[in-house]
Structure formats: C-alpha cells, structure tokens
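For reference, the structure discussed in these notes is given below.
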Number of protein chains: 2
Amino acid sequence: MSLRHAVLGLLSEGPASGYDLLKIFEISLANVWPATQSQLYGELGRLADAGFVTVVAEGPRGRKEYAITDAGRAELHRWLVEVEPTPVARRSDMLLRVFFLGVLEPEEARTYLRRRAEAADENHRNLSELRKVVSEGEDSLSVYGRMALEWGLRFTATQRDWAEWAEQELDRIRKPQGASES
Amino acid sequence: MSLRHAVLGLLSEGPASGYDLLKIFEISLANVWPATQSQLYGELGRLADAGFVTVVAEGPRGRKEYAITDAGRAELHRWLVEVEPTPVARRSDMLLRVFFLGVLEPEEARTYLRRRAEAADENHRNLSELRKVVSEGEDSLSVYGRMALEWGLRFTATQRDWAEWAEQELDRIRKPQGASES
DNA sequence: ATCCCCATGTAAGCGGTTACATGATTGG
DNA sequence: CCAATCATGTAACCGCTTACATGGGGAT
C-alpha cells in the first residue's frame with residue numbers, strides 16, 4: 001500500500017490536484033513508483049474518506065485541489081519511520097531465466113547474458129543523462145531524488161558488470177576444471 | 001506471466017507433482033520467483049488446458065505427476081530467447097521513502113539510511129551462508145542458481161555501499177558548500 | 001491408533017494495468 | 001472555431017496473497 005504514501009508525500013510539499021500529482025508522478029517518481037491516472041483518482045478518494053487529505057479548493061473543469069491533513073502527516077511519518085520497506089528485488093524474471101539457461105544452446109545463453117549487459121548499460125547511460133537534467137533544483141524532491149538516482153546508477157552498473165562476469169562464467173561451466181585444449 | 005514459465009522450466013528437468021514443484025520453489029526459486037501452493041495448482045491446471053503439460057501418472061492421495069510436452073518446451077524456449085525481461089526494480093518503496101526524507105528530522109533520516117545499510121549487509125551475509133550450502137550440486141539448476149546467487153551478492157553489496165554513501169551525503173545536504181564551522 | 005506429512009483444491013480480497021467514457025477551457 | 005490540454009471518473013481483467021477446506025497414507 002505505498003501508493004497512498006507516495007500521494008501523501010507529494011502533498012506534504014503543498015496542495016495539488018489529481019492531475020497535478022499525475023504529472024509529478026510521471027516526471028519524478030516514474031522510476032521508483034509509477035502510477036496510472038486511474039489508480040490516482042481512486043486513491044485520492046479513499047484518502048479523503050480516511051481523513052488523510054481534504055479538498056481545499058475547486059477550480060475550473062471540476063478541478064479539485066487536495067491538501068494533506070494533520071492525520072495524513074502523521075500517517076506519512078509513521079510509514080517513513082516505522083514500516084519496514086519491502087525487499088527490493090523479490091521477483092525477477094531476468095534471474096528466473098538464468099536458472100533455466102541450461103535448456104538453451106550455449107550460444108543462445110551467451111546472447112541472453114550479453115543482452116542483459118547491454119540493456120543495463122543503456123539504462124545506465126539514460127540515468128546519466130537524467131542526472132545532468134536534474135542536477136539543478138534545490139527543492140526537497142530534487143535533492144533526495146538525486147540520492148535515489150545515484151542508487152539507480154550504481155545498480156545498473158552492478159547489473160552490467162554481473163552480466164559480463166556471467167558471460168565469462170558460461171565458458172567455465174561448459175569447459176570444466178581440468179580441461180586443457182588440444 | 002512468469003509463473004507459468006517457472007513451472008515449465010522446472011518440468012523441463014523431469015516430471016513432478018504440484019507438491020514436488022512447491023518444494024523446489026521453496027528451496028531454489030524462493031529468492032527469484034516465490035510462489036504459493038494456491039497459485040501453483042491453479043497454474044498447473046491452466047498449463048494442462050493449454051497443452052503445455054500433461055498428467056503422466058497418478059499416485060496415492062490423488063497425486064498427479066505432470067510432464068512437459070513439446071508445445072511446452074517450445075513455449076519455454078520462446079520465453080527464454082524472445083521475451084524481453086521486465087526491468088528488475090521497477091517499484092521500490094525503499095527508494096520512494098528516500099524522496100520524502102525531507103519531511104523527517106535529520107536524525108530520523110539518518111537512522112533510516114543506517115538501517116538500510118544494515119539490512120543490506122544482513123542479506124549479504126545470509127546469501128554468503130547460502131552459497132556455502134549450495135556450493136556442491138552439478139545439476140543445471142544448481143549451477144545456474146549459483147550464477148543468480150552471485151547477482152544477489154553483488155546487489156546487496158551495492159545496496160549497502162549506497163546506503164552508507166547516502167548517510168554521508170545527508171550532512172553535505174544540510175551543511176551546504178561554503179559553510180564553515182565556528 | 002495416532003500424528004505428521006503428503007496432496008489437492010476453492011474463495012475472497014487487493015493492488016495494478018488497460019481501456020472506456022465524458023466533458024470543460026484555453027490558446028492560436 | 002478547432003485542437004490540445006486540463007480534468008475526473010468507471011469497469012474489466014489479471015496475478016498474487018491469505019485463508020479455508022478436505023482427506024489419504026505411512027511411520028512409530
């Protein structure tokens with residue numbers, strides 16, 4: 001149930017409409033907690049029912065501006081300090097495929113790992129670009145967002161290095177210990 | 001829809017019952033693709049309907065032994081070589097919290113990051129232990145399982161290092177560039 | 001006999017994705 | 001006036017989690 005806390009977190013910086021929040025999700029939280037329009041409006045309704053947010057203004061086109069309440073702030077704080085984060089990579093179909101590499105031809109397995117390294121490297125480059133773009137901005141979200149971005153950079157680098165190592169490892173597996181050529 | 005391919009992958013090593021598969025999930029795939037009993041039996045039924053597996057034997061207590069079919073093997077192969085793996089860490093409530101570290105007292109934020117480092121280190125130690133346990137075993141699942149385990153080791157180490165870096169970074173954020181003490 | 005393990009199944013609920021649906025307002 | 005954008009909402013579906021439910025068979 002993190003979407004609700006993502007919303008509370010964003011509203012803790014100031015009031016916003018569902019539409020505003022959606023934009024913020026797209027530009028700044030997209031890489032850590034993507035949310036769809038559908039989900040967002042639903043959650044805002046539930047948050048209002050629970051008393052964690054209230055409608056503070058109504059604008060044109062039925063626009064509703066929400067603000068966080070004291071109860072909402074308390075809930076956000078509780079989530080931040082008391083709730084243990086869920087393990088990051090609990091499910092990975094990328095690693096699941098690794099378990100079954102044995103059913104592939106050696107060449108196919110190699111290609112798979114090679115592609116993992118390339119994909120990781122591409123992600124890494126994209127994040128590097130993103131860092132340049134967001135390097136200004138002294139608001140809280142930007143400052144801590146860069147901290148999260150650093151995680152992404154390190155993570156993708158690790159992923160790339162592992163995939164390259166694993167590709168090497170394939171040879172070791174097929175040509176075991178004592179094997180000498182010729 | 002990776003559960004079905006996890007099942008196909010396991011059955012590609014030989015026939016097994018739902019119960020057998022459940023045990024294998026618990027001991028070897030638990031860290032990459034956990035599955036519950038409930039899910040597993042449902043999926044086996046659907047796989048049979050789709051013609052990817054068949055019941056090859058019935059044992060005591062209603063036990064049904066499933067084997068993969070040629071169509072199942074083809075589907076497994078297709079999934080392995082053609083389907084792009086989904087990005088590993090698409091959602092992270094651990095990183096989501098990082099975005100909102102600004103709402104906490106400096107001391108609380110520091111505690112949060114410290115705990116991340118500790119948790120990562122603990123995971124790292126657990127995986128190191130696991131590696132000792134599974135270091136034998138020359139079957140395909142063990143060999144490639146160790147490759148996946150190496151990913152876990154590198155990943156948890158990166159996570160720990162990042163959290164330690166981020167904790168340092170907190171100071172830099174609160175005491176900006178030109179600030180001198182006294 | 002009894003207890004533990006083997007063994008399979010069903011149902012409710014939750015969060016997320018995709019698609020559908022509608023309409024107002026503003027800028028060129 | 002027309003298009004793009006603002007703006008909110010509903011419904012169907014899918015996979016995962018938790019809990020419930022039932023019963024047979026082997027070991028001591």
Side-chain angles (χ1 to χ4, degrees), chain A residues 1-8 10-11 15-27 29-50 53-66 79 83 85-87 89-93 96, chain B residues 1-8 10-11 15-27 29-50 53-66 79 83 85-87 89-93 96:
Chain A
M1 253 210 331
S2 291
L3 174 64
R4 73 175 348 182
H5 299 103
V7 171
L8 288 174
L10 293 180
L11 287 179
S17 69
Y19 193 84
D20 294 339
L21 291 173
L22 193 61
K23 300 294 152 193
I24 303 177
F25 267 93
E26 279 164 11
I27 60 169
L29 297 187
N31 292 302
V32 302
W33 207 272
T36 60
Q37 176 257 47
S38 177
Q39 237 183 316
L40 206 41
Y41 286 113
E43 193 59 49
L44 280 167
R46 265 163 290 166
L47 280 165
D49 290 345
V53 305
T54 41
V55 177
V56 287
E58 307 218 7
R61 282 163 293 211
R63 174 190 172 96
K64 292 186 224 166
E65 202 159 69
Y66 291 92
W79 175 76
V83 182
T86 57
R90 249 201 99 197
R91 279 201 166 82
S92 165
D93 61 309
L96 181 57
Chain B
M1 253 214 326
S2 291
L3 174 63
R4 71 175 350 180
H5 298 104
V7 171
L8 289 174
L10 292 180
L11 288 179
S17 70
Y19 193 84
D20 294 339
L21 292 173
L22 193 61
K23 299 296 152 192
I24 303 177
F25 266 94
E26 279 165 10
I27 60 170
L29 297 187
N31 292 302
V32 302
W33 206 271
T36 61
Q37 176 256 45
S38 178
Q39 236 182 317
L40 205 40
Y41 286 112
E43 193 59 50
L44 280 168
R46 265 164 289 162
L47 279 165
D49 290 346
V53 304
T54 42
V55 177
V56 286
E58 307 219 6
R61 282 163 294 208
R63 174 189 171 96
K64 292 186 223 165
E65 202 158 69
Y66 291 92
W79 175 75
V83 182
T86 55
R90 249 201 98 198
R91 279 202 164 82
S92 165
D93 61 309
L96 181 57

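Everything numeric in this text was worked out from a predicted model, so none of it was measured. Proteins get letters first, then strands, A, B, ... in listed order; numbering begins at 1 in each.
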- Message: Restricting to side-chain hydrogen bond (donor to acceptor under 3.5 Å, both in side chains), what partner residues turn up for Asp93(A), sequence neighbours left out?
- Response: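 Asp93(A) satisfies side-chain hydrogen bond (donor to acceptor under 3.5 Å, both in side chains) with Arg97(A), Thr86(B) once adjacent residues are dropped.
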- Which residues satisfy the side-chain hydrogen bond (donor to acceptor under 3.5 Å, both in side chains) test with Ser38(B), sequence neighbours excluded?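 Not a single residue meets the side-chain hydrogen bond (donor to acceptor under 3.5 Å, both in side chains) criterion with Ser38(B).
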- Query: Which parts of residues 37-49 of chain B get close to DNA chain D, meaning a heavy atom less than 4.0 angstrom away?
  - Reply: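 Here the set is Ser38(B), Gln39(B).
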- Which residues pass the ring-ring contact (aromatic ring centres under 6.0 Å, His included) test with Trp33(A), sequence neighbours left out?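 Scan of Trp33(A) (ring-ring contact (aromatic ring centres under 6.0 Å, His included), adjacent residues dropped) gives none.
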- Just by protein heavy atoms under 4.0 Å, how would nucleotides 23-28 of chain C read 5' to 3' in B, S and -? BBB---
- Query: When you check the phosphate oxygens OP1 and OP2 of dG9(C), does a side-chain N or O of Lys64(B) lie under 4.0 Å from one of them?
  - Reply: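 Checking Lys64(B) against dG9(C): at least one side-chain N or O falls below 4.0 Å of OP1 or OP2.
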- Sequence neighbours left out, what passes side chain to side chain contact (heavy atoms under 4.5 Å, CB included) with Pro87(B)? Give chain and number order.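 For Pro87(B), the residues satisfying side chain to side chain contact (heavy atoms under 4.5 Å, CB included) (neighbours in sequence not counted) are Arg90(B).
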- Item | Residues that Val56(B) engages under side chain to side chain contact (heavy atoms under 4.5 Å, CB included), provided they are two or more places apart |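 If we apply the side chain to side chain contact (heavy atoms under 4.5 Å, CB included) test to Val56(B), skipping adjacent residues, the hits are Pro15(B), Thr54(B), Glu65(B), Ala67(B).
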- Query: Can you tell me how far C1' of dG15(C) sits from CG of Asp93(B), to the nearest Å?
  - Reply: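 Between C1' of dG15(C) and CG of Asp93(B): 14 Å.
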- Global bending angle along the helix from dA1(C)-dT28(D) to dG28(C)-dC1(D), which compares the axes of five pairs at either end, to 10 degrees: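 Roughly 10°, once rounded to the nearest ten degrees.
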- Could I get the full list of salt bridge (Lys or Arg N to Asp or Glu O under 4.0 Å) partners for Arg4(A), not counting sequence neighbours?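 By the salt bridge (Lys or Arg N to Asp or Glu O under 4.0 Å) rule, Arg4(A) matches Glu43(A).
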- Taking only residues at least two apart or on different chains, which pairs with a member in residues 30-41 of chain B satisfy salt bridge (Lys or Arg N to Asp or Glu O under 4.0 Å)?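 Qualifying pairs, neighbours excluded: none.
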- side chain to side chain donor-acceptor pair (under 3.5 Å): pairs with one or both residues in residues 15-27 of chain B, sequence neighbours excluded: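 Qualifying pairs, neighbours excluded: Ser17(B)-Asp20(B), Ser17(B)-Arg63(B), Asp20(B)-Arg63(B).
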